[in-house]
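Here the structure is a predicted model, which means the values were calculated and not measured. Read the numbers this way: they start at 1 and go in the same order the structure lists the ligands and their atoms.
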Amino acid sequence: MTASETRPLTAIRSFPPDFLWGTATAAYQIEGAAREHGRTPSIWDTFSHTPGKVFAGHTGDVAVDHYHRFREDVRLMSELGLGAYRFSVSWSRVQPTGRGPAVQQGLDFYRRLVDELLAAGIEPALTLYHWDLPQELEDLGGWPERSTAERFGDYAALVADALGDRVKRWTTLNEPWCSAFLGYGSGVHAPGRTDTVAALRAAHHLNLGHGLGVQALRAALPADSQLAVSLNLHEVRPLTPSPEDLDAARRIDAVGNRIWLGPMLEGAYPEDLLADTAHLTDWSFVRDGDTLTSHQPLDLLAVNYYTPTVVSHVARGGEKPQDDGHGNSEHSPWPGAEDVGFHRAPGERTAMGWPVDPSALYDLLTRTAARYPGLPLVISENGAAYEDEVRPDGTVHDPQRAAYVHAHLDAVHRAIAAGVDVRGYFLWSLLDNFEWSYGYAKRFGAVHVDYDTLERTPKSSAHWYARVARTGELHAPGS
Ligand code: IFM
């Protein structure tokens, strides 16, 4: 079946019996307890406390207080019948300065969380780094410096030693594109720097850190551990089939996708990326052997997908199209793509302004599987923000979110039917949470959180998803 073909969404689709059904979160977005038990600031603490950086001055100081309420949150997952839970470890909580010995109380929190999950029959999937670099490491130069990659390898070893006996699924980095290019390029994410060359250096050291992290994990973990990296791969579509627009799409694919896939899965940076960015840097920060270090065998490639990326060529000095995303911002997060304009695909959008297009997920999965045969895939994030309303009876009815997830799961099912080895799906997110520069203004949760009382209420989409997860059968919401 091709991308443009559709099929009725009403039929029931059966997923493989061992398909993993989960939800995902990240430490800074949910934990709170920002100053407890020795935790020191991460770059996101600093950034969110800097006036003007985050919507309405929101911070993760309390977030949804998962640090104190994790037992209740695990109970919720258990009641929903979910089989897996993807969470991230706060580096500043377990190794506050980013160097040296671990803080036992920090590690103990994750041990308790994992034990609670295992006791409930929920498989933990641990991400080592979801954007929250210890501030002390940023003060030493952050990801643009090689030493940060080395520190990340040490941190990976420390967490593996503490939790390797009970966690089987490990992810090194979450969406390194955002860390490098939103953090150091456009500056809309922490640490908020706007230096294109620093962003490219950060990208390289994230690749290197991933490789060093995998080496450290392999050395410490049992042989049957499953190691992955989570990439927000961009499904890039040219606005027209003109050679100029095709070249715009190639450039974005290079600096959005192949900048990670190249070193991590093929052992080299793509030649066209080096050429596209040659006016910015000679890449001399890449030392002999680095890309081989980045190129470590992985058990899975984890893919985060929300919306496609539509681009066109824009003549230098020409007006860029209207777009809600990060594409056309003043400081571009796309080095080497100065003449590329970003467009919003027509049609339905989520509360983030992101177009809804499940066919792009199908295309992304089939294309990635064709390029890397034999490497199983997992969807480590997919979901949507909508303007949820609590009804007078306290319930939250969110049919749009269920429809979004349903359509995307249907695309995953189509990809599996086409021969792609997809092992699982993690809904973003378990809980409403701190949505980075949007603060608490955007709700992605399957479970509603009242930010005054921190009371949790599963939305109607959570009940629908729970039934899909329990039965392994995808049925239309409301059927
Ligand atoms: O909330 C984020 C998450 O932290 C990383 N991936 C995208 C999500 C929605 O923006």
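Under the salt bridge (Lys or Arg N to Asp or Glu O under 4.0 Å) criterion, Asp253 pairs with Arg258, not counting sequence neighbours.
A salt bridge links Asp432 with Lys459: the closest approach of a Lys/Arg side-chain nitrogen to an acidic carboxylate oxygen falls below 4.0 angstrom. A salt bridge is defined here as a Lys NZ or Arg NE, NH1 or NH2 lying under 4.0 Å from an Asp or Glu carboxylate O, and Asp357 with Arg237 meets this definition. Under a 4.0 Å N-O distance rule, the pair Arg35/Asp45 does not qualify as a salt bridge.
Between Phe152 and Tyr155, the ring planes lie tilted relative to each other; the angle falls in the 30° to 60° range. Phe15 and Phe19 have tilted rings, their planes meeting at an angle from 30° to 60° on a 0 to 90° scale.
Within the 4.0 Å heavy-atom shell around ligand 1 one finds Trp354. Distances from ligand 1 to the non-hydrogen atoms of His130 include at least one value under 4.0 Å.
Annotation: atom 8 (C) of ligand 1 to nearest protein heavy atom, Tyr306 OH, 3.4 Å. Taking atom 1 (O) of ligand 1 as the reference point, the nearest protein heavy-atom neighbour is Glu435 OE1, 2.6 Å. In this structure, atom 6 (N) of ligand 1 lies nearest to the protein heavy atom Glu381 OE1, 2.5 Å.
Here is the list of ligand 1 atoms found below 4.0 Å of a heavy atom in Gln29: 1 (O), 3 (C), 4 (O). Heavy-atom contacts of Trp131 reach the following atoms of ligand 1: 5 (C) (cutoff under 4.0 Å).
For Glu175, a nitrogen or oxygen atom sits less than 3.5 Å from a nitrogen or oxygen atom of ligand 1, counting backbone and side chain alike. Polar contact with ligand 1: present for Trp428 (N/O pair, distance under 3.5 Å).
Within 6.0 Å of the CD atom in Glu338, the count of heavy atoms belonging to other residues, nucleotides or ligands exceeds 12.
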